[in-house]
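What follows is a set of notes on a single structure, which appears directly below.
Only a predicted model underlies this, so the values are computations on that prediction, with no experimental measurement involved. Just so we're on the same page: letters track the sequence lines, and every chain starts at 1.
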Amino acid sequence: MHFVEVAVPVPLRQTFTYSCDILPEPGCRVSISFGPRNLVGVVTGELTAPENPDKIKAIDKIIDDTPVLDRVLLKLCHWLSQYYLHPIGEVIHTVLPVLLRKGESASPVDEVWWHAADNIDENLAALKRAKRQYACLEALVDEPVREGDLKNTFPSTIINALEEKGFIRQESKPPPLRPKMWLDYFDVAKKPLPDKEQAVAISTIVQSRSRFAPYLLEGVTGSGKTEVYLQAIEDVLAEGRQVLILVPEIGLTPQTVSRFASRFGIDIGILHSQLNDKDRLSVWQRARAGELGVIIGTRSAIFTPMKFPGMIIVDEEHDDSYKQQDGLRYHARDLAVMRAHTENIPLVLGTATPSLETLNNALTKRYGHLQLTKRAGGASKTHQQVLDVRDQRLQFGIADGMLSIMRQHLSMGNQVLVFVNRRGYAPALICHHCGHSYDCRRCERPYTVHRTQQRLQCHHCGGARPIPRQCEHCGENKLITAGVGTEQIEDGLAKMFPGVKQIRIDSDSVRGKDKLQRSLDDINAQKYQLLIGTQILSKGHHFPHVTLVVVLDCDGALFSADFRASEKLAQLVTQLAGRAGRASKPGEMWLQTHNPGHPLLQDLVHNGYAHFARQALDERKLSWMPPFQSQAVIRSEATNGELAWEFLEQVRTLLQSEVVRLNGPLPCLIEKRQGRYRFMLVLQSAQRKAINDLLRRALPNITSLPTASKVRWSLDVDPSDFS
DNA sequence: CCTGGGCGCTTG
DNA sequence: AAGCGCCCAGGA
């Protein structure tokens, strides 16, 4: 009789002891009965002497002979559980592909092969008049054929007919494992000669193979970061090792993938959020078997097992989409650091606009710092300027002076990009007579007016209603919109520049499969001259014909309650600037603002992101902010706001501490969402361990607070925003 | 007396 | 989280 600890997918911060006759390895799944239910758990370790022998149940079934979580991934799960203070069973549940959570087999599904039965000559003779059946049987004479391949040539009716006659039979067997299969046809296509900075970066990364070595690859847009990745990857692949590449949610385009695939002529594993469970499992299996040399994926791809781990790359490491915003709130970039450390392999964090966390690690020499400062092909930097809009007439949010600059660029046949951070027509609808504002009841925030759908839409909860004709409060017919969104600018510019083809790119306009990609292709084929859009335009796509970028409103971010708002604005502006222009057509960028003298804007515009970020780091240090201080947030929400607040008040008394500063309970930046009031309690300390220790000791008491079960609460370690 | 919903307890 | 027993209200 053996005893094992099993992690069970329930929100309890403990494992459960089960008995078994055969000892499963840690990382193997087991079927267990848990209370009145049957669940799939994962063995985390052996136990020699259980504490409550009378309570212990036996495992119903061991699902895996070989662990679904190898040593490294299991270790990572433990780290996640301890660092983010999240129940181990739920951690393991999030790490595993959906089908494996449900108990599906972890080994690849058997392949069906067709064999010719005995008496081949005789059978062939009998098929003299059935030409297709004859051909089909003949195809199987020398060797069995995989069903998929056979069906490419012959319809199933032919195959069925032969089977009925007993001339052929099928056999199922597991597909052969082909570890390092890319080495058979791995071939490097023509590659450009790296410039001096690229060459240094490549050789530095390559020299640190086979050991943990984190690097920040800080490369201005157009400096050829991807080429550095490619040449470093080449070396890892040639050694027979695998590379895991993380990309932001929106960056996983067919172009990105084909750039890697065509360079090496190999199969690439792709993992994105829209992949179905079956395909996801298949990539997981092929990566685990060591078949795939390169795996590219979004956030959760960091959990992909690798038989021959060689390197991890996190592209656009500053991107927000690496942070999971519910459940296990991990940061994939931070986890990549841990994973590379445990795998003992190099890690490359690439970006033109490093997060202050990563930049700090590079400046303090915890990470190697590789810099690419030159734009390839001698392309000149987009010239950035601030446009003072004070006292200027604004039409649909654009100053007259700005419109005339736009006219110049358009008349020269160039493309112009207008960035607005708001989709819809206008961010509010109000009555000009009585001042009544149309707010979503559940969120108590103004509805966004969507003219194309003729609806008011709440961007916090997704709720919608028709646009009223007259004021529901005073009955007057004087409803007006306030503020400017993409739709309104589209309308206004269409009237201002009739005959200029324009396209709007926001999450409303690009809904649907491949719509974004088609639109981007059309833009670069110069089917449009005016591009109006949101965030989406700032991510990864290059627009060589754009010579003017207009950013409509910087002011919000300069005075935001979120201390990261200015960092995010600087990243956005820099990324946008990098999208435009090329060697023969240098670009210019204008930032509309009511605060032209604001030091942040001035610094960004005159000295660039690299300088801005270093200044911002100094400021964070002086004001005791991350990354020099660690933070955690406990959020609480309930339809009864007082209850949500009271819970955090009680938590606060449980958390009194010398070394950890408590701030709150405060309303979240989005105070109400979907009918629930939201509050937060912020923990801050110079030592991350102090926060971790404090929370770990207090969690049992927090969980058992009577109010805890009456509110929805969650814990967020290293929060990236306070919404 | 029966039904149903809310609540709180337990999970090895 | 989720299944279950327990308790109490409400209808006949």
Side-chain angles (χ1 to χ4, degrees), chain A residues 1-64 69 74 77-78 80-82 84-104 277 300 324-330 634-640 642-644 646-647 650-651 654 674-676 695-696 699-717:
Chain A
M1 179 78 93
H2 303 280
F3 298 101
V4 285
E5 286 189 286
V6 177
V8 185
V10 290
L12 300 171
R13 288 163 219 277
Q14 63 176 115
T15 53
F16 292 83
T17 312
Y18 282 83
S19 67
C20 48
D21 300 326
I22 306 156
L23 184 67
E25 272 180 70
C28 287
R29 290 171 300 159
V30 289
S31 300
I32 45 156
S33 70
F34 185 74
R37 315 182 257 172
N38 289 309
L39 296 174
V40 175
V42 170
V43 175
T44 56
E46 199 189 351
L47 212 74
T48 41
E51 277 176 37
N52 317 308
D54 41 321
K55 272 192 180 177
I56 290 168
K57 289 184 183 171
I59 282 170
D60 294 334
K61 194 177 140 235
I62 298 174
I63 302 176
D64 304 303
L69 291 172
L74 202 55
C77 286
H78 281 117
L80 279 165
S81 174
Q82 282 174 21
Y84 292 105
L85 297 153
H86 201 79
I88 182 72
E90 287 199 330
V91 169
I92 288 177
H93 198 69
T94 23
V95 166
L96 288 177
V98 173
L99 290 177
L100 296 187
R101 299 176 196 167
K102 294 179 181 163
E104 201 108 327
D277 295 345
S300 65
Q324 171 110 14
Q325 293 295 12
D326 59 333
L328 170 60
R329 295 166 174 258
Y330 66 97
I634 301 175
R635 290 188 185 80
S636 159
E637 46 175 85
T639 39
N640 178 347
E642 249 163 62
L643 205 63
E646 195 185 314
F647 167 70
Q650 291 166 358
V651 171
L654 287 173
Q674 307 208 5
R676 284 188 290 272
L695 282 170
R696 204 181 46 248
L699 267 169
N701 301 326
I702 293 174
T703 315
S704 58
L705 281 172
T707 32
S709 55
K710 296 193 181 78
V711 302
R712 290 191 180 190
W713 67 276
S714 64
L715 175 58
D716 191 353
V717 175

* For atom CZ of A:Arg37 and atom C1' of C:dA2, their distance in whole Å -> 4 Å

* Exam field: side chain A:Tyr18 to backbone A:Ser33, donor-acceptor pair closer than 3.5 Å -> yes

* Asked: So, A:Arg13 side chain and A:Leu85 main chain: donor-acceptor pair closer than 3.5 Å or not?
  -> yes

* **Distance, rounded to the nearest Å, where A:Asn38 contributes CG and C:dC4 contributes P** => 11 Å

* To do: Give one of base, sugar-phosphate or nothing for A:Tyr18, where a contact means two heavy atoms less than 4.0 Å apart.
  => sugar-phosphate

* Quick one: which of C:dA1, B:dG12, C:dG3 gets closest to the side chain of A:Phe16? -> B:dG12

* Whole-Å distance between C:dA2 C1' and A:Glu90 CD? -> 12 Å

* Asked: Can you check the A:Leu705 CG to B:dG8 C1' distance for me, whole Å?
  -> 16 Å

* Structure fact -> Separation of B:dT11 atom P from A:Arg13 atom CZ, nearest Å, is 19 Å

* Which value, rounded to the nearest 0.5 Å, describes the distance between A:Ser19 atom OG and A:Ile59 atom CD1? -> 7.5 Å

* So what does A:Ser704 hit on the nucleic acid, given a heavy-atom distance under 4.0 Å: a base, only sugar-phosphate, or nothing? -> nothing

* Report the distance from atom CG of A:Asp60 to atom C1' of B:dG12, rounded to the nearest whole Å. => 13 Å

* Expressed in angstrom and rounded to an integer, what is the separation of A:Phe34 atom CZ from C:dG3 atom P? -> 12 Å

* Asked: Under the 3.5 angstrom rule, does the side chain of A:Thr639 hit a backbone N or O of A:Arg676 as a donor-acceptor pair?
  -> no

* Asked: Base, sugar-phosphate, or nothing for A:Leu12, non-hydrogen atoms under 4.0 angstrom?
  -> base

* Asked: In whole angstroms, how far is the C1' atom of B:dG12 from the CD atom of A:Gln14?
  -> 8 Å

